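Everything below concerns the one structure shown next.
Every value quoted in this text rests on a predicted model; they were computed, and no experiment measured them.
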Amino acid sequence: MRYDLIIFDNDGVLVDSEPISNRHLAAYLTELGHPTSYEDSIRDYMGSAMHRIHDLVLERTGRRLPDDFDDVFHARVFAAFERELKPVPGAGGVLEKLAADGVAFCVASSGSHERIRVGHRATGLDRWFDERRVFSSQDVGRGKPAPDLFLYAAERMGVAPGRCLVVEDSPLGVQAAVAAGMDVYGFTAMTPAEKLAQANHLFSSMGELADLLV
């Protein structure tokens, strides 16, 4: 193994949450008078921390989202997670292999700690991630594409950035990993490969990732 730590993004990499959350985000923004399609949401907000949604809407429309936007959005998404959320096919097998090989791993997500925990409980992935392995954009001042979150995760896990590999499915996440001085593998299941062109390798299934990590 070339790396001492594997840092996983969460949404779209470990849990198949992007279709659910972007469907609800598009619907809620449209409901608030900001017409947004599912495709718009994927393009503009996938991989973003919540503050980026607020910033982009304000920049484009001059209007602020309601003060309770985050709470209402998360309530809708978490309810949907409980009904619908599944792990990304093969994600559990990759984690099991890393654990068996004694390779350290963690999750570093733009989502809140609550969102990560709800998703992991709903999918059964919580068995792999205790509190010491979960990092959120809430823990740092700036979310992706800033490198802060990945650098924070590496520091807390006691591994130098150059010995870390990030697994990401969003352009913002790939940019953040590159800025952190880490290698990054881009997951193309939902994101066109050309949008992840900065990644060191691209893969389209968790089976491919398992082979890349040998």
Side-chain angles (χ1 to χ4, degrees), residues 1-18 45-49 52 87-88 90-99 101-113 115-116 119-120 125 128-130 132-214:
M1 171 63 66
R2 290 169 289 166
Y3 304 102
D4 295 332
L5 175 65
I6 312 299
I7 304 176
F8 289 94
D9 177 42
N10 190 56
D11 294 292
V13 171
L14 296 176
V15 296
D16 194 15
S17 54
E18 293 292 8
Y45 303 121
M46 182 171 153
S48 299
R52 178 178 164 86
V88 168
V94 171
L95 298 175
E96 186 171 5
K97 181 181 187 304
L98 291 174
D101 291 344
V103 180
F105 58 86
C106 65
V107 61
S109 172
S110 293
S112 66
H113 278 280
R115 179 188 174 106
I116 297 166
H120 285 185
L125 293 181
W128 299 111
F129 295 99
D130 60 30
R132 295 168 297 176
R133 296 191 187 197
V134 177
F135 306 101
S136 162
S137 61
Q138 290 179 312
D139 300 327
V140 295
R142 300 180 298 169
K144 306 168 189 178
D148 304 34
L149 176 56
F150 291 140
L151 292 172
Y152 177 74
E155 179 183 9
R156 290 293 300 272
M157 295 293 291
V159 178
R163 297 295 301 164
C164 298
L165 170 70
V166 174
V167 182
E168 263 287 354
D169 71 329
S170 76
L172 294 176
V174 169
Q175 291 172 42
V178 171
M182 300 176 181
D183 282 0
V184 55
Y185 290 176
F187 187 29
T188 61
M190 282 191 63
T191 308
E194 60 269 18
K195 292 185 178 295
L196 305 178
Q198 286 183 285
N200 299 85
H201 291 285
L202 299 176
F203 67 99
S204 59
S205 73
M206 285 295 157
E208 289 181 59
L209 176 62
D211 292 339
L212 287 170
L213 292 177
V214 172

| query | Between the main-chain N or O of Met46 and the side-chain N or O of Glu18, is there a donor-acceptor pair closer than 3.5 Å? | reply | no
| said: I'd like to check Asp11 versus Arg115 (side-chain heavy atoms, cut-off strictly below 4.5 Å). Are they in contact? | reply: yes
| query | So do Leu95 and Phe129 actually touch side chain to side chain, heavy atoms under 4.5 Å? | reply | yes
| Which atom of Cys106 lies closest to which atom of Ala153, heavy atoms considered | SG-CB, 4.3 Å
| Do Arg133's NZ or CZ and the ring of Phe105 fall within the cation-pi criteria of under 6.0 Å and 45°? | yes
| request: Begin with the C-alpha distance, continue with both residues' side-chain angles, and end with the deciding distance and a verdict on side-chain contact (heavy atoms from CB on, under 4.5 Å) for Met206 and Val13. | output: CA-CA 9 Å; Met206 285 295 157; Val13 171; 4.1 Å; yes
| query | Between Thr191 and Asp169, is there a donor-acceptor pair closer than 3.5 Å when you use the side chain of the first and the backbone of the second? | reply | yes
| Test item: Asp211 side-chain N/O and Glu208 main-chain N/O as donor-acceptor pair under 3.5 Å | no
| said: Quick check: do His120 and Asn10 have side-chain heavy atoms less than 4.5 Å from each other? | reply: yes
| Are any non-hydrogen side-chain atoms of Leu14 and Trp128 less than 4.5 angstrom apart? | no
| field | side-chain contact (heavy atoms from CB on, under 4.5 Å) assessment of Arg52 paired with Leu172 | value | CA-CA 11 Å; Arg52 178 178 164 86; Leu172 294 176; 3.6 Å; yes
| field | Donor-acceptor under 3.5 Å (Ser136 side chain, Gly111 main chain) | value | yes
| Salt-bridge criterion met for Asp9 and Lys144 (N-O under 4.0 Å) | yes
| request: For Asn200 and Val184, indicate whether the former's side chain and the latter's backbone hold a donor-acceptor pair under 3.5 Å. | output: yes
| task | Would you check if Leu196 and Pro171 make a side-chain contact, meaning some heavy-atom pair closer than 4.5 Å? | result | yes
| Phe203 vs Phe187 aromatic rings, parallel, tilted or perpendicular, using cut-offs 30° and 60°? | parallel
| Does the side-chain contact (heavy atoms from CB on, under 4.5 Å) test come out yes or no for Lys97 and Leu213, once each step is laid out? | CA-CA 10 Å; Lys97 181 181 187 304; Leu213 292 177; 5.6 Å; no
| query | Counting only N and O atoms by type, is there a donor-acceptor contact under 3.5 Å from the side chain of Asp101 to the main-chain atoms of Val103? | reply | no
| Carboxylate-amine/guanidinium contact Arg2 Asp183, below 4.0 Å | no
| request: State, with a plain yes or no, whether a side-chain heavy atom of Leu125 is found less than 4.5 Å away from one of Phe8. | output: no
| How far does NE2 of His113 sit from CG of Asp139, to the nearest 0.5 angstrom? | 3.5 Å
